[in-house]
Structures are given as structure tokens and as C-alpha cells.
Amino acid sequence: MAGVKIQAPKGVSEYVPPRSKLFEFVRECLINPARMAGYQLMELPVFEDTELFTRGVGESTDVVSKEMYTFTDRGDRSITLRPEGTAGAMRAVIEHGLDRGQLPVKIWYSGAYFRAERPQAGRYRQFYQVGIEAIGLDDPAIDAEVIAIADAGFKAIGLKKYRLDITSLGDAHSRAAHRVDLLKYIQGLDLDEATVARAALNPLRLFDDKREEMRKAMAAAPLLMDYLSQESREHFEKVTSYLDALGIAYELNPRMVRGLDYYTGTTFEFVHELLGAQSGIGGGGRYDGLMAELGGQELSGIGFGLGVDRALLAAEAEGVLAPEGFLSDLFIIPLGASAMVKVLELAQELRAAAKSVEIAFGDRSLKAAMKAADKSGARYVIVIGEEELNSKSVELKNMNSGVSVSVTIDSLVNAL
RNA sequence: GUGGACGUAGCUCAGCUGGUAGAGCACCCGGUUGUGGUCCGGGAUGUCGCGGGUUCGAGCCCCGUCGUUCACCCCA
């Protein structure tokens with residue numbers, strides 16, 4: 001009778017209790033620093049016009065050329081499930097004219113993203129990110145702040161075993177000059193077909209090849225850092241000096257490669273030590289041409305995307321537990337049908353007073369209800385039956401110490 | 001997209017050279033009157049991922065498929 005079992009689509013990440021508690025904690029940690037710095041929420045669609053990504057992210061990127069979930073809707077429009085957040089955020093900023101108001105525009109967002117890749121540890125087809133964008137400011141101090149906000153998020157989670165890689169991709173002139181020399185260098189190498197194809201799309205990608213022989217082959221390749229214009233170099237030096245002042249450790253990594261075409265200038269990546277092949281827990285950088293490319297004002301911008309799934313994996317690898325603040329304050333056990341009404345009322349009242357309350361539902365034995373109270377992790381438990389309804393007082397039991405004290409029902413709020 | 005490993009109760013796994021399945025944990029009930037965590041007793045649970053093949057007979061062998069996982073590619 002029962003049909004074939006329906007499973008979640010391949011490679012999606014989903015979180016159910018008890019692990020979802022840690023997910024909630026991790027995501028909150030990553031969002032909060034942005035709020036504390038005056039960034040405001042932007043709630044965006046998960047699907048967009050396909051062209052937004054081909055134009056914004058770049059057709060030469062793997063993300064766009066082979067990892068997008070694209071479909072045609074009923075109006076014959078080409079729609080794509082967002083593979084990243086920045087392009088959509090820029091589109092919304094332009095569409096709502098935020099770029100014509102006070103600058104910088106500082107926003108944060110969080111949600112699901114989609115990439116049709118082969119799943120792997122820390123790599124999912126639907127995954128979660130927290131991102132921020134600061135638009136309309138060239139000040140290197142904002143670069144440092146953006147990086148500091150990401151770092152604060154990881155620290156809030158309790159992560160320790162990660163490092164920050166940072167580099168500068170310079171401006172268009174710097175990159176063009178470097179590209180000529182890099183291509184010349186690459187032509188002198190004996191490469192396989194696939195690698196030649198990659199080099200044609202974006203020669204910088206070869207710096208990221210994990211194969212030992214390629215690492216050796218690229219060891220003497222010209223570095224973009226050596227081609228930076230005076231202006232780019234000064235900007236970058238200020239960014240790093242600010243990070244020094246903030247006590248944020250970083251590693252200059254001139255071979256760092258980012259997968260999205262819009263990056264310019266300062267770029268960075270947070271890498272966790274315990275994560276395996278998919279070790280990047282967050283990354284970002286400047287995208288000084290993106291706004292104009294998408295039809296907006298000629299404004300520079302900088303932002304990041306932090307991987308909630310990977311940060312969670314990192315937290316687990318480091319033994320971080322969800323804090324106790326996620327447990328209930330009180331667990332109420334009604335005894336007998338007449339007590340339930342009072343219990344529902346009481347719970348409503350206490351919750352309105354910001355106390356978290358759980359109720360033992362169902363007609364189960366007191367012993368079973370106590371066990372449920374124990375497992376819920378609630379701090380206190382009370383039983384409400386005939387006696388309590390008459391006396392208007394309850395035994396407030398501390399589940400940790402096992403000690404209980406008698407308090408009136410009216411004074412419960414204060415006792416918790 | 002390419003390559004390797006794996007797929008047995010909710011979870012972690014065992015299952016000898018093929019003879020129609022087991023453990024631990026979790027879960028439920030109980031250990032006499034309304035208070036959990038330990039202990040004791042009892043209990044439910046599986047189309048052995050799915051489909052096909054070989055065989056008298058397959059969880060164990062073969063093929064396919066779906067999924068998981070690890071790496072490459074790529075990236076959060």
C-alpha cells in the first residue's frame with residue numbers, strides 16, 4: 001500500500017533536533033556582529049532572473065557555467081536558484097534605489113543557497129550562508145571592519161582553529177598587466193588539456209591546483225601582488241595595518257584564488273584546520289565594478305559570505321556545544337484533566353513574561369512526565385494537581401540540585 | 001562531471017566458508033499512595049536501500065539503480 005519512500009533530494013543539508021539547536025546558535029553568532037555594527041536586514045528571494053548571475057558572477061566561473069539550478073517558469077522566463085548572495089543583494093539595492101540614498105549602504109542577510117555540485121563533506125546542494133555588504137565606500141577601514149565582523153562571528157561560536165588568508169587582486173590595470181605575464185609563464189608549462197582549458201578561462205585558477213606537480217610548476221609564476229598599482233598597494237597596506245591594530249591575525253596569501261569573477265582589491269578567506277577538503281568557512285572581498293555592471297551607480301562595495309553549515313561542522317570538530325540558554329526555564333506537569341486549563345493559562349502568562357515553559361501533554365504517568373522533564377533539560381519543574389489548585393502554591397523543584405521549595409503560583413515569575 | 005568506499009531496527013554496528021536476522025544505546029511499561037537522573041524486570045521495532053540475476057535456498061555472490069561518504073574539480 002505504502003508507496004516508495006520519499007527522501008530528501010540529493011545533497012541537501014538539513015538540521016533536525018537535537019543538532020538544529022547548534023545550527024541555530026552558530027547562525028546567530030554569525031549574524032549578531034553585523035547587527036552590532038549597524039548593518040540592516042535584507043530579506044531576498046531565493047530565485048532570480050538567470051541573467052543576474054551570468055552577468056554578475058561571471059560566465060567563466062564554474063558556479064555559473066555548471067553549478068546553477070536553472071529552469072524555465074510558466075511565463076517562459078529563465079529562473080535560477082541563487083548560487084550566492086552578493087549579486088541578488090546588489091540587484092535589490094539598485095531596484096529599491098538604496099544606492100541613491102545615504103552611503104554606505106550596510107546590509108546583512110541569511111538564507112539558503114543552491115549549487116548543483118557533487119555532494120561532499122561540507123559541500124551541499126542546498127546550504128546556508130550569512131552575508132553582509134557595505135556599498136559605496138572606498139575607505140580601507142571598511143575592509144577591515146567587514147573582516148573583523150566575520151572574525152567576531154567565528155570567535156563568538158568559540159572557534160579557534162582557523163586562519164584568515166588575505167590578499168589583494170588590485171584594480172583592473174594591475175590585473176591586466178599581471179595576466180599578460182602569467183599567461184606567458186603558463187604557456188611555457190607542459191599542461192594537460194583540462195588544465196589548459198581552465199587557464200584559458202581564468203589563469204589565476206592554476207594557483208589553486210592541489211596536485212603536487214602543479215604546485216611545483218606554479219612555484220615560480222608571477223604573483224599578482226607584485227603588479228599592484230601604487231593606489232592598490234596603499235589601500236591594501238592600510239587594510240592590513242588596521243587588522244594589526246585590531247589584533248586580528250592574518251596570513252598574506254598571494255596565491256589565494258576566489259571563484260567569483262566580480263572580486264577586485266582586498267579579498268579574504270577564512271579556512272578551518274579540521275575540516276577536510278572543503279575547509280573554507282567564509283570568504284569575501286571587494287567588488288568595485290559590480291554595481292555598475294548590474295546597472296546601478298558606480299559604487300564600490302565589499303562583503304562576505306560565511307558558511308553556516310561549515311561553521312557548524314567546524315564547531316563540532318572543535319567540540320563546541322550549544323549553550324544552555326537554549327533550554328527551557330520551567331516544565332509543568334498537569335495532574336488530572338481539571339489541572340490542564342490552569343496549566344495552559346499559567347504557561348501563557350509566564351511565556352508572556354519571557355520565561356520559556358514546556359508542558360507535559362498526554363495522559364501519562366507522573367514518572368513518565370518527570371522523565372520527560374529531565375530530558376527536556378528544563379531548569380525547574382512543577383506539578384499542578386488538585387492540591388496545588390486548592391492551595392495556590394506549588395513545589396518548585398530545581399532539576400539540577402533536586403531541591404524543591406514551596407512558592408505561590410502568583411510569585412512563580414519572580415522565582416524563575 | 002570523474003574516481004574509490006559504503007548502504008542490516010530511531011542511532012551505532014555485529015552477522016562465521018550463502019540456509020529465511022542479533023547486540024548496545026535510545027524508546028515504551030512496570031518495581032503499589034503525586035516527583036526525574038542510578039539500578040532491576042518486562043516490551044515493541046526491521047519489505048537486511050530498491051530492482052533484477054545466479055542458486056534447492058542470498059543480508060551475505062553478480063548486474064543495475066538510488067542514496068550516503070571520501071577525494072578530484074570547485075567552493076560556503
Side-chain angles (χ1 to χ4, degrees), chain A residues 1-13 16 18-19 26 30 57 61-67 82-86 110-131 150 194-195 197-198 201-202 205 208-211 214 256-260 269-272 275-284 304-314 331-336 339 360 362 364-378 380-388 394-404:
Chain A
M1 176 71 203
V4 182
K5 183 173 54 174
I6 298 175
Q7 294 175 279
K10 185 188 181 87
V12 301
S13 71
V16 300
R19 204 154 88 107
V26 167
L30 295 179
V57 179
T61 62
D62 279 37
V63 168
V64 169
S65 64
K66 52 188 197 196
E67 295 170 1
R82 38 136 94 145
E84 59 94 52
T86 302
S110 163
Y113 296 85
F114 309 84
R115 249 115 100 162
E117 302 177 90
R118 186 86 168 252
Q120 193 182 331
R123 188 172 75 181
Y124 308 102
R125 292 185 165 187
Q126 173 172 335
F127 56 98
Y128 297 87
Q129 272 187 213
V130 167
T195 310
R198 284 175 65 205
L201 282 174
N202 183 349
R205 297 276 158 72
D208 209 24
D209 202 303
K210 289 180 185 176
R211 291 171 297 181
M214 276 305 295
M256 191 178 87
V257 180
R258 306 244 67 225
L260 310 180
E269 197 167 88
F270 288 86
V271 180
H272 195 89
L275 246 36
Q278 309 304 323
S279 56
I281 52 178
F304 64 57
L306 310 181
V308 182
D309 310 88
R310 290 187 185 173
L312 171 84
L313 255 20
F331 195 99
I332 309 179
I333 301 174
L335 226 51
R364 307 205 300 169
S365 68
L366 179 63
K367 176 170 181 151
M370 281 303 294
K371 281 192 175 183
D374 187 38
K375 269 166 227 147
S376 79
Y380 294 97
V381 66
I382 59 174
V383 173
I384 292 188
E386 204 85 2
E387 288 174 25
E388 288 77 9
V394 295
E395 289 296 309
L396 182 64
K397 180 166 183 175
N398 182 317
M399 292 299 275
N400 224 345
S401 63
V403 180
S404 55

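Every chain is numbered from 1 and lettered A, B, ... according to where its sequence line falls, protein lines coming before strand lines.
Interface remark: the E269(A) side chain does not form any donor-acceptor pair with the A76(B) base, using a distance-only criterion of under 3.5 Å. Donor-acceptor pairing under 3.5 Å, judged by distance alone, is present between the side chain of Q120(A) and the base of C73(B). Interface remark: the E395(A) side chain does not form any donor-acceptor pair with the G34(B) base, using a distance-only criterion of under 3.5 Å. Applying the 3.5 Å distance criterion, the base of C74(B) shares no donor-acceptor pair with the side chain of R118(A). At a cut-off of 3.5 angstrom, the base of C73(B) holds at least one donor-acceptor pair with the side chain of R123(A). A donor-acceptor contact under 3.5 Å links the side chain of K397(A) to the base of G36(B). The base of G37(B) has none of its N or O atoms less than 3.5 Å from a complementary donor or acceptor on the side chain of D374(A).
Pair check for G10(B) finds C25(B); Watson-Crick or G-U wobble, both atom distances under 3.5 Å. With a cut-off of 3.5 Å on both pairing distances, U55(B) has no Watson-Crick or G-U wobble partner at all. Remark: U35(B) base-pairs with no nucleotide in the shown strands. Criterion, Watson-Crick or G-U wobble with two distances under 3.5 Å. The nucleotide G46(B) finds no pairing partner, because no Watson-Crick or G-U wobble arrangement with both distances shorter than 3.5 Å includes it. With a 3.5 Å ceiling on both atom-pair distances, the Watson-Crick or G-U wobble partner of G30(B) is C40(B). Of the nucleotides present, none pairs with G18(B) by Watson-Crick or G-U wobble criteria with both distances under 3.5 Å. Summarising the base pairing, U2(B) is matched to A71(B) through a Watson-Crick or G-U wobble pair whose two defining distances lie under 3.5 Å.
Considering only the side chain of E67(A), C74(B) comes nearest among C75(B), C74(B), G30(B). Comparing atom distances between the R310(A) side chain and each of G31(B), A76(B), G30(B) picks out A76(B) as nearest. When distances run from any side-chain atom of S365(A) to the nucleotides G36(B), C75(B), G30(B), the shortest one goes to G30(B). In the set C70(B), C74(B), U35(B), C70(B) carries the atom at the smallest distance from any side-chain atom of A121(A).
Among the protein residues, G131(A) comes within range of no part of the nucleic acid, since none of its heavy atoms lies under 4.0 Å from any strand. Among the atoms of the strands shown, base atoms are found under 4.0 Å from some heavy atom of E388(A). Among the atoms of the strands shown, none is found under 4.0 Å from any heavy atom of N202(A). Heavy atoms of A373(A) sit nowhere under 4.0 angstrom from any nucleic acid atom.
Distances shown here put a side-chain N or O of R364(A) below 4.0 Å from the OP1 or OP2 atom of C28(B). Taking side-chain N and O atoms only, K375(A) has a distance below 4.0 Å to OP1 or OP2 of C27(B). At C74(B), none of the side-chain N or O atoms of T61(A) fall inside 4.0 Å of OP1 or OP2 (strictly under the cut-off).
Taken to the nearest 0.5 Å, the OG1 atom of T86(A) stands 10.5 Å off from the CZ atom of F304(A). Summarising the geometry, atom OH belonging to Y128(A) is positioned 9.5 Å from atom OG belonging to S110(A); distances are rounded to the nearest 0.5 Å.
Note: CZ (R115(A)) to C1' (C74(B)) measures 8 Å, nearest angstrom. As a whole-Å value, the separation of L366(A) CG from G31(B) C1' is 15 Å. A straight line from CD of E387(A) to P of U35(B) spans 10 Å, rounded to a whole angstrom. Rounded to whole Å, the distance from OH on Y128(A) to C1' on A76(B) is 13 Å. Separating the CG atom of L335(A) from the C1' atom of G34(B) is a distance of 6 Å, rounded to the nearest angstrom. Between F114(A) atom CZ and A76(B) atom P there is a gap of 16 Å when expressed in whole angstrom units. Note: CG (D62(A)) to P (A76(B)) measures 12 Å, nearest angstrom. Summarising the geometry, the separation between NZ on K371(A) and P on C28(B) is reported as 7 Å, rounded to the nearest angstrom.
When every heavy atom of P334(A) is checked against every heavy atom of A360(A), the shortest pair comes out as CD-O, 3.2 Å. Closest non-hydrogen pair, A8(A) versus V12(A), comes out as CB-CG2, 3.8 Å.
On the P atoms, G42(B) is 14 Å away from C25(B), given to the nearest whole Å. Separation of the P atoms belonging to U8(B) and C60(B) is 12 Å when rounded to the nearest angstrom. As rounded to the nearest Å, G52(B) and C16(B) have C1' atoms that lie 28 Å from one another. Taking the P atom of each, C66(B) and G10(B) are spaced 24 Å apart, rounded to whole Å. Rounded to a whole angstrom, the distance from the P atom of G36(B) to that of G31(B) is 12 Å. On the C1' atoms, G7(B) is 10 Å away from C48(B), given to the nearest whole Å. With both ends at atom C1', the span from C13(B) to C50(B) equals 22 Å, rounded to whole Å. Of the P atoms belonging to U45(B) and G22(B), the separation is 13 Å, rounded to the nearest Å.
Heavy-atom distances to RNA chain B give each of K66(A) and G402(A) a nearest nucleotide, and the one nearer the 5′ end belongs to G402(A). Projected onto RNA chain B by closest heavy-atom contact, R205(A) and G276(A) fall at different nucleotides, the more 5' of which corresponds to G276(A).
The side-chain ring of Y113(A) is not stacked on the base of A76(B), judged by centre separation under 5.5 angstrom and plane angle under 30 degrees.
Remark: E395(A) CD is packed, more than 12 non-hydrogen atoms of other residues, nucleotides or ligands lying under 6.0 Å away.
Inter-residue side-chain proximity for R125(A) and P119(A) is flagged as met; some heavy-atom pair is nearer than 4.5 Å.
Under a 3.5 Å cut-off, the side chain of R82(A) and the backbone N or O of F114(A) do not form any donor-acceptor pair. Within the 3.5 Å criterion, the main-chain N or O of L260(A) finds no donor-acceptor partner in the side chain of T61(A).
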H272(A) vs R310(A), side chain to side chain contact (heavy atoms under 4.5 Å, CB included): CA-CA, chis, key distance, verdict: CA-CA 9 Å; H272(A) 195 89; R310(A) 290 187 185 173; over 6 Å; no

